[in-house]
Protein chains: 2
Amino acid sequence: MNYLEINKVLSNQARVNILQWLKAPDENFPPHVDLGHFKDGVCAQYIQVKLKLSQSTVSHYLSMMEKVGLLIPTRHGKWTYYRRNEKTIKAYIHFLRMNL
Amino acid sequence: MNYLEINKVLSNQARVNILQWLKAPDENFPPHVDLGHFKDGVCAQYIQVKLKLSQSTVSHYLSMMEKVGLLIPTRHGKWTYYRRNEKTIKAYIHFLRMNL
DNA sequence: TCTACATATCGAGGTATGTCGATATGATGT
DNA sequence: ACATCATATCGACATACCTCGATATGTAGA
């Protein structure tokens, strides 16, 4: 858990939105055609549409969030689903509570 | 309390250090010649020396930390002392705990 | 194997941030 | 008023970030 790296990633409204939306996928996204559940999160495309940013930008954001441990990707066929990594998020907040 | 602004400010190791050092000024700084106490925090110069960054950079950092409500400045003659603004820091952490 | 689709990566332009030295401001003591 | 010291502000330049369109990669189905 690299606190500074995570902080940089969360210094952007779009990326914070992603994390917040994924707290309640069923309230923020339509059910996915193929899967019908949100166990593995939400596919990149739905996130991209909701963010109203280009596909390449959103893909980039998702992969940097994954890189610092905020998201966990799961591939289903051609779709990549992303869900929150609660472990890292909890550790991050704990670090702030202790050190800030 | 603007969460995103604060996050940007805290995406920098030097500025995080300032906040951490000011948690225990007596452990991190020599007693100030004129005042002999830390009620109003630590003067900019001591922070600058410890950070090993230029005077202008540190002054800039301190004023941006003040601007987002993380620090409170107090002027004593030609010295400006900075201390933590616990209210904002608490609100920031609370926001993260609720929204992240 | 060819096509279609979801995602990832590349390259690029504009904007923001990090950091500095130089200069300005404000306060103290002579 | 003047010299001195602490701090603040002003350019300036290098590096990083935001965001895009174009292209590449990987997967599924005809």
Side-chain angles (χ1 to χ4, degrees), chain A residues 2 4-19 22 29-36 38 40-68 70-83, chain B residues 2 4-19 22 29-36 38 40-68 70-83:
Chain A
N2 185 328
L4 213 60
E5 287 302 312
I6 293 179
N7 229 17
K8 280 180 189 166
V9 166
L10 295 181
S11 298
N12 174 289
Q13 187 64 61
R15 294 190 290 260
V16 171
N17 284 343
I18 293 172
L19 216 56
L22 289 180
F29 298 96
H32 196 275
V33 184
D34 288 35
L35 254 61
F38 289 112
D40 294 323
V42 177
C43 76
Q45 200 185 33
Y46 284 18
I47 297 172
Q48 188 245 309
V49 168
K50 197 172 170 73
L51 273 181
K52 288 170 187 157
L53 289 171
S54 76
Q55 187 270 322
S56 60
T57 298
V58 174
S59 177
H60 180 212
Y61 284 3
L62 290 170
S63 81
M64 65 196 283
M65 291 177 78
E66 177 199 344
K67 196 172 184 187
V68 301
L70 285 172
L71 295 182
I72 298 169
T74 308
R75 187 114 201 190
H76 286 273
K78 48 187 169 182
W79 294 278
T80 307
Y81 292 72
Y82 286 93
R83 67 180 192 277
Chain B
N2 184 329
L4 212 59
E5 286 303 311
I6 293 180
N7 230 13
K8 280 180 190 168
V9 166
L10 294 180
S11 298
N12 174 290
Q13 187 64 59
R15 295 191 291 260
V16 172
N17 284 342
I18 294 172
L19 217 55
L22 289 180
F29 299 96
H32 196 275
V33 185
D34 289 36
L35 254 60
F38 289 111
D40 294 324
V42 177
C43 77
Q45 201 186 30
Y46 284 17
I47 297 172
Q48 188 245 308
V49 169
K50 197 172 171 73
L51 272 182
K52 288 169 186 158
L53 288 171
S54 76
Q55 187 268 324
S56 60
T57 298
V58 174
S59 178
H60 180 209
Y61 283 3
L62 289 170
S63 80
M64 65 196 282
M65 291 177 77
E66 177 200 345
K67 197 173 184 188
V68 302
L70 285 171
L71 296 182
I72 298 169
T74 309
R75 186 110 201 190
H76 286 272
K78 49 187 171 182
W79 294 277
T80 307
Y81 291 73
Y82 286 94
R83 68 181 192 278

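Sequence lines set the chain letters: A, B, ... in the order given, protein chains first and strands last, and positions in each chain run from 1.
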Legend entry - side chain to side chain contact (heavy atoms under 4.5 Å, CB included) against B:S11, all qualifying residues, sequence neighbours excluded: A:N7, A:K8, A:S11
Inset, instruction - Answer yes or no: is there a side-chain heavy-atom contact under 4.5 Å between A:L70 and A:I18? - result: no
Legend entry - Closest heavy-atom pair and its distance - A:A14, A:Y61: CB-CE2, 3.9 Å
Inset, instruction - Kindly say whether B:S59 contributes a backbone atom to a donor-acceptor pair with the side chain of B:Q48 at under 3.5 angstrom? - result: no
Inset, instruction - Answer with base, sugar-phosphate or nothing: what part of the nucleic acid does B:Y82 contact at a heavy-atom distance below 4.0 Å? - result: sugar-phosphate
Legend entry - Contact letters for nucleotides 12-21 of chain D, in which S counts primed atoms plus P, OP1 and OP2 and B counts the base, heavy atoms under 4.0 Å: -----SSBBB
Legend entry - Minimal non-hydrogen separation, A:M65 against A:L19, with atom names: CE-CD1, 3.9 Å
Inset, instruction - Determine the minimum heavy-atom distance between B:R15 and B:V9, stating which atoms define it. - result: NE-O, 2.7 Å
Legend entry - A:R75 CZ to D:dT27 C1', straight-line distance once rounded to whole Å: 7 Å
Inset, instruction - Taking heavy atoms of chain A and a 4.0 Å limit, find me the 5'-most and 3'-most nucleotide of DNA chain C within that range. - result: C:dC5 to C:dT9
Legend entry - Over all atoms of both residues, closest heavy-atom pair of A:P30 and A:Y46: O-CE2, 3.3 Å
Inset, instruction - List the atom of A:V58, the atom of A:A44, and the distance in Å for their closest heavy-atom pair. - result: CG1-O, 4.4 Å
